[in-house]
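Following: one structure in structure tokens, then a few remarks.
Quick note: numbers below take in every heavy atom, side chains included, and nothing from hydrogens, waters or symmetry partners. Everything numeric here is computed off the predicted structure, so don't read it as measured data.
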Amino acid sequence: MNLRNIRAALARPDCIVDLTGDDRATIQGALLWMADKLKSDQREQARALWAAKGKRSRDRPLR
């Protein structure tokens, strides 16, 4: 996925920026939580879950 696709996904009305009220501390905290998961013994389960969610989101039309 290139940067343009990521920006398009973030432009959705239900995107993380809207859902967090553009609270950068919350967004950064979520990214740090992801990094911790990827360093843990739950790495493969987390990657599989996030990959599946990402693939499903690409199939949804933009509103």
Side-chain angles (χ1 to χ4, degrees):
M1 182 178 268
N2 63 33
L3 188 55
R4 185 183 340 209
N5 292 345
I6 293 170
R7 285 185 185 142
L10 291 176
R12 293 172 175 260
D14 61 344
C15 81
I16 196 74
V17 173
D18 290 338
L19 293 171
T20 62
D22 198 18
D23 182 344
R24 286 170 175 81
T26 299
I27 295 167
Q28 183 177 5
L31 291 170
L32 291 170
W33 172 77
M34 288 174 58
D36 287 342
K37 281 288 188 188
L38 292 171
K39 293 178 194 174
S40 77
D41 60 347
Q42 299 174 350
R43 173 187 173 88
E44 292 308 316
Q45 294 133 323
R47 284 179 49 95
L49 174 70
W50 297 333
K53 284 182 173 285
K55 288 175 186 171
R56 281 194 305 269
S57 75
R58 285 188 301 202
D59 295 336
R60 293 188 337 211
L62 290 174
R63 297 180 208 164

[atom2] on [Y] to [atom1] on [X], rounded to 0.5 Å:
X	Y	atom1	atom2	answer
T26	L31	OG1	CG	11.0 Å
T20	Q28	OG1	CD	12.5 Å
M34	W50	CE	CH2	4.5 Å
E44	L38	CD	CG	9.0 Å

Answer yes or no: is there a side-chain heavy-atom contact under 4.5 Å between L49 and K53?
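They are in side-chain contact.
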Does R24 form a salt bridge (charged side-chain N to carboxylate O under 4.0 Å, His left out) with D22? I'd like the steps, not just the answer.
CA-CA 6 Å; R24 286 170 175 81; D22 198 18; 3.3 Å; yes
